[in-house]
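In what follows, a structure is listed as structure tokens, so that the remarks can point back to it.
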Amino acid sequence: MTQRPGLGIALILFMAACFATMDTTVKFVGALVPVLVVLWARYGVQAAVMALWLARSSRRGGAGFRSAHPRFQAVRGVLLLLSSTFGFFGLQYLPVAEFTAITMLTPVMVTLLAATLLHEHVSRRRWLLVGGGLTGALIVIRPGSGLFGWAALLPIAGSMAYASFQVLTRKLASLESPFTTHFYTGLTGSLIVALALLASEVELLPALRSAPHSAWGLLLFIGVLGTAGHLMLVLAFGLAPTAVLMPVMYAQIGFAALVGWLVFAHAPDAWGWLGMAVVAVCGAGSAWLNVREAAAARAPVTALGADTIID
């Protein structure tokens, strides 16, 4: 695919707006229908949209439904569903902007997982960024202040699940078409949530019938936003280098603050803005180091002598 950085940045901004709007809508509609129903709509729409996409694509010789690594697809889908579950429940208790800032800890969480699970070497700069990111999250949460309480653990748990999702994807993503993977992520999530609905006291049809008609449209809207956001992410990384795109992703914090203010009239206080800024800087720095080290590993080298190489 031809490199088009400007279009890639535009897609990332669109993705950030989609996710910020989706989170705000989830918080709003979560007061009208059970969160399990919201999750079912989120993943059911993705599975349906991607099934239509793949059916059309396969007729033209493109990516189809066949997966060479079904276990990978299942584990990946479960991890993303866990991230969404923690997130959707967390949004019922936390303001959207502060919630988004905490979830942006994912790059530093990836560093922790790479060190503990993959036994990768972590430099001093990385550990400083990890410590800085966690400090920023603590500034946002301010334990003991009574602002958020135990609910602040939900986006942190969601970030851990999403970081695990990213580590697994980073190791295996080249083995599958991203569109096939996107379908199975939606399918896995919708099937598991459907089973959870059957096992719970929540009844899908009565819950939908008792909800305002506007909630039905909002549920569809959530599914479309989630599906579109992830597709924009996939397409953007095919159009521009990761180093260009990663810092732009933190625009989601700004979008979340804006949409949260428009819908709920909530704006973070000075400490909240400071914590969000620290998380953004440390997360972007960690992502930049990831890109820099990956580029250095791919760069060709020329031997100049026994101990000297250049890239």
Are a donor atom and an acceptor atom from the side chains of [X] and [Y] found within less than 3.5 Å of each other?
X: Tyr162; Y: Ser84; answer: no
X: His230; Y: Gln46; answer: no
X: Thr181; Y: Gln73; answer: yes

Nearest 0.5 Å, what's the [atom1]-[atom2] distance between [X] and [Y]?
X: Glu203; Y: Leu198; atom1: CD; atom2: CG; value: 10.5 Å
X: Ser67; Y: Tyr184; atom1: OG; atom2: OH; value: 6.0 Å
X: Thr227; Y: Met232; atom1: OG1; atom2: CE; value: 10.5 Å
X: Leu218; Y: Leu32; atom1: CG; atom2: CG; value: 7.5 Å
X: Leu154; Y: Phe86; atom1: CG; atom2: CZ; value: 7.0 Å
X: Phe65; Y: Leu54; atom1: CZ; atom2: CG; value: 5.0 Å

Does [X] belong to the same Ile/Leu/Val/Met/Phe/Trp/Tyr cluster as [Y], with side-chain heavy atoms less than 4.5 Å apart forming each link?
X: Val263; Y: Leu91; value: yes
X: Trp273; Y: Phe264; value: yes
X: Leu82; Y: Leu153; value: no
X: Phe88; Y: Leu197; value: yes
X: Leu258; Y: Met276; value: no

[X] to [Y] - nearest heavy-atom pair and separation:
X: Ala211; Y: Trp216; result: O-NE1, 4.2 Å
X: Ile253; Y: Ala101; result: CD1-CA, 4.1 Å
X: Ala47; Y: Gly186; result: CB-C, 3.7 Å
X: Pro34; Y: Ala207; result: CD-CB, 4.0 Å
X: Ala151; Y: Tyr93; result: CB-CB, 3.5 Å
X: Val38; Y: Val26; result: CG1-CG2, 4.2 Å

- request: Let me see the working for Thr85 and Val193 under side chain to side chain contact (heavy atoms under 4.5 Å, CB included), right down to the final yes or no.
  value: CA-CA 10 Å; Thr85 301; Val193 175; 5.8 Å; no
Is the closest side-chain heavy-atom distance between [X] and [Y] below 4.5 Å?
X: Trp261; Y: Val96; result: no
X: Leu274; Y: Trp271; result: yes
X: Met15; Y: Cys18; result: no
X: Thr100; Y: Phe255; result: no

Under 3.5 Å, is there a donor-acceptor pair between the side chain of [X] and the main chain of [Y]?
X: Ser190; Y: Leu187; result: yes
X: Thr188; Y: Thr185; result: no
X: Lys27; Y: Leu94; result: yes

message: Below 30° counts as parallel, above 60° as perpendicular, anything between as tilted: where do the rings of Phe179 and Trp53 land?
response: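 Ring orientation, 0 to 90° scale: parallel.
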task: Decide if atom CD of Gln92 counts as having more than 12 heavy atoms of other residues, nucleotides or ligands within a radius under 6.0 Å.
output: yes
Val29 vs Ile222, side chain to side chain contact (heavy atoms under 4.5 Å, CB included): CA-CA, chis, key distance, verdict: CA-CA 9 Å; Val29 83; Ile222 288 168; 3.6 Å; yes
message: Let's go through Arg42 and Leu225 carefully: what are the C-alpha distance in whole Å and the side-chain angles of both, what is the deciding distance for side chain to side chain contact (heavy atoms under 4.5 Å, CB included) to 0.1 Å, and is it a yes or a no?
response: CA-CA 9 Å; Arg42 157 70 181 90; Leu225 287 171; over 6 Å; no
